[in-house]
Colleague: 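Shown below is the structure under consideration.
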Amino acid sequence: MFNIFKQTLAKTAQSIRSIIPKSETVSVELLEEALIGSDMDYDEIETLINRLVQPSTRNRLDYGLLELLPAFEPSEITQKPFVELIIGVNGAGKTTTIAKMANRYKNEGKTVLLGAGDTFRAAAVEQLKAWATKLDIPIVAAANGGDPSALAFDAIASGAARGVDRILIDTAGRLHTQKNLAEELRKVVRVCGKALEGAPHRKLLVLDGTQGRSAINQAREFHEMVGIDALAITKLDGTAKGGAIYSISRQLQIPVLFIGTGETAADLIDFDAKSFTTGFTDAFFQS
Ligand SMILES: Nc1nc2c(ncn2[C@@H]2O[C@H](COP(=O)(O)OP(=O)(O)OP(=O)(O)O)[C@@H](O)[C@H]2O)c(=O)[nH]1
Ligand SMILES: [Mg+2]
């Protein structure tokens, strides 16, 4: 059966295959080495290996890996407009992920509005505007250097007045260590709630997949800062660190919603624990 994650995990699979020989089973030693190579954190490697019935066959590994991932029930979206605030460090892939999500929602028949809330970085507004034009989606933007909270307020007010289904608000890249920018983000969140009760309904943290498990601490700090509801992991196509997803998901206990698989608007897939794990396990058992 076609597995959508297989292609995305190509680099991860290549690294695993360089360690694991073609066989029906895999030894604990080689499994450990390959998982370390895939950037899974040792906590998860240890847990998996301790639980794994030997010899490790495809089915046993598949089951063991799946058990590492917390199960999340997707909650139904009833709010209209549903406001999503997109957060993350510089260059994580926030703006591109917004374009991908907007494209997805539009294809599902929903109406979307974008808020160009990165008023800090030069050309950030232009970048989102270019996506809006390409996708033919309305955007609320102000001149660079404006107040991101005011922009968020305006975007929500405009989206509510137009009766759109979804509002996606971009934010400037920031490090969790920058205190003034942390305060600014908290203010954006507060002001969203003033524009519309309950907004932002989802605070989505975008993590750069090429950072692997080192993104866990970063995510923790953002979570403490504003409370993160969901994760998007980008650039998985360009990294051999696919195994880090198990540690990110298990240690943070925040659902991974999306996986970024490239630079175009179509390169976004819904994270699905089962298919992801099948794609990952496949690398260990070459056929
Ligand atoms: N290969 C690949 N590239 C991606 C993916 N997502 C984003 N990128 C690229 O990563 C770079 C940064 O993406 P942006 O969306 O501008 O990142 P950002 O977080 O908005 O960056 P700042 O606004 O500067 O903080 C761009 O060149 C994107 O094309 C992905 O899933 N795969
Ligand atoms: Mg951006």
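Numbering of ligands and ligand atoms starts at 1, following listing order. Along the sequence shown, residues carry numbers from 1.
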Colleague: Is the contact between D170 and ligand 1 made by the side chain, the backbone, both, or neither, using heavy atoms and a 4.0 Å cut-off?
Modeller: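 It is neither; nothing of D170 touches ligand 1.
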
Colleague: Apply the test ring pair (Phe, Tyr, Trp, His ring centres under 6.0 Å) to residues Y246 and F276: give CA-CA distance (whole Å), side-chain angles for both, the deciding distance (0.1 Å), then the verdict.
Modeller: CA-CA 10 Å; Y246 290 96; F276 181 84; 5.6 Å; yes

Colleague: Should R166 and E108 count as an ion pair when the cut-off is N to O under 4.0 Å?
Modeller: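 Answer for the salt bridge query: no.
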
Colleague: Within less than 4.0 angstrom of ligand 1, does G91 place any heavy atom?
Modeller: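 Checking ligand 1 against G91, which is what was asked, there is a heavy-atom contact under 4.0 Å.
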
Colleague: Measure from the side-chain N and O atoms of T277 to the backbone N and O of K274, and report whether any donor-acceptor pair falls under 3.5 Å.
Modeller: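 Flag not set: sc T277 to bb K274 has no pair under 3.5 Å.
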
Colleague: Any N/O of T97 closer than 3.5 Å to an N/O of ligand 1?
Modeller: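 N/O-N/O distance under 3.5 Å: no.
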
Colleague: What is the nearest protein non-hydrogen atom to atom 30 (C) of ligand 1, stated with its residue, atom name and distance?
Modeller: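 Answer, as residue, atom name and distance: G262 O, 3.1 Å.
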
Colleague: If the contact criterion is a heavy-atom separation under 4.0 Å, does T261 count as touching ligand 1?
Modeller: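 T261: in contact with ligand 1 (<4.0 Å).
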
Colleague: In Å, rounded to the nearest 0.5 Å, how long is the span from NZ of K100 to CD1 of I259?
Modeller: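 Those atoms lie 10.0 Å apart.
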
Colleague: So is there a nitrogen or oxygen of T234 less than 3.5 Å from a nitrogen or oxygen in ligand 1?
Modeller: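 N/O-N/O distance under 3.5 Å: no.
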
Colleague: Evaluating non-hydrogen atoms only, which member of T8, D237, L128 is closest to atom 1 (N) of ligand 1?
Modeller: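 Considering heavy atoms of T8, D237, L128, the nearest to atom 1 (N) of ligand 1 sits in D237.
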
Colleague: Counting heavy atoms only, which part of K100 comes closer than 4.0 Å to ligand 1: side chain, backbone, both or neither?
Modeller: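 It is the side chain that gets close, since no backbone atom is under 4.0 Å.
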
Colleague: Under 2.8 Å from the Mg ion (ligand 2), which protein N, O or S atoms are there? Could you list them by chain and number?
Modeller: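 Per the 2.8 Å query on the Mg ion (ligand 2), atoms found are T95 OG1.
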
Colleague: Show which atoms of ligand 1 fall inside a sub-4.0 Å distance from at least one heavy-atom site of D118.
Modeller: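 Within the 4.0 Å cut-off of D118, ligand 1 contributes 23 (O).
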
Colleague: Under 4.0 Å, counting heavy atoms only: does A92 come that close to any atom of ligand 1?
Modeller: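 Checking ligand 1 against A92, which is what was asked, there is a heavy-atom contact under 4.0 Å.
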
Colleague: Distance to 0.1 Å, residue and atom name: give those for the protein heavy atom nearest to atom 24 (O) of ligand 1.
Modeller: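 Among all protein heavy atoms, the one nearest atom 24 (O) of ligand 1 is R121 NE, 2.9 Å.
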
Colleague: Verify, without hydrogens or angle tests, whether K94 (side chain) and V89 (backbone) share a donor-acceptor contact under 3.5 angstrom.
Modeller: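 Looks like yes, one N/O pair under 3.5 Å.
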
Colleague: Do you know which of I77, I86, I228 makes side chain to side chain contact (heavy atoms under 4.5 Å, CB included) with R202?
Modeller: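 Among the candidates, only I77 passes.
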
Colleague: Starting from atom 13 (O) of ligand 1, what is the nearest protein heavy atom, named by residue and atom, and what distance separates them?
Modeller: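 So the nearest neighbour among protein heavy atoms is T96 OG1, 3.4 Å.
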
Colleague: Counting only nitrogen or oxygen atoms and a 3.5 angstrom limit, does D267 reach ligand 1?
Modeller: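 The answer is no, given that D267 and ligand 1 share no N or O pair closer than 3.5 Å.
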
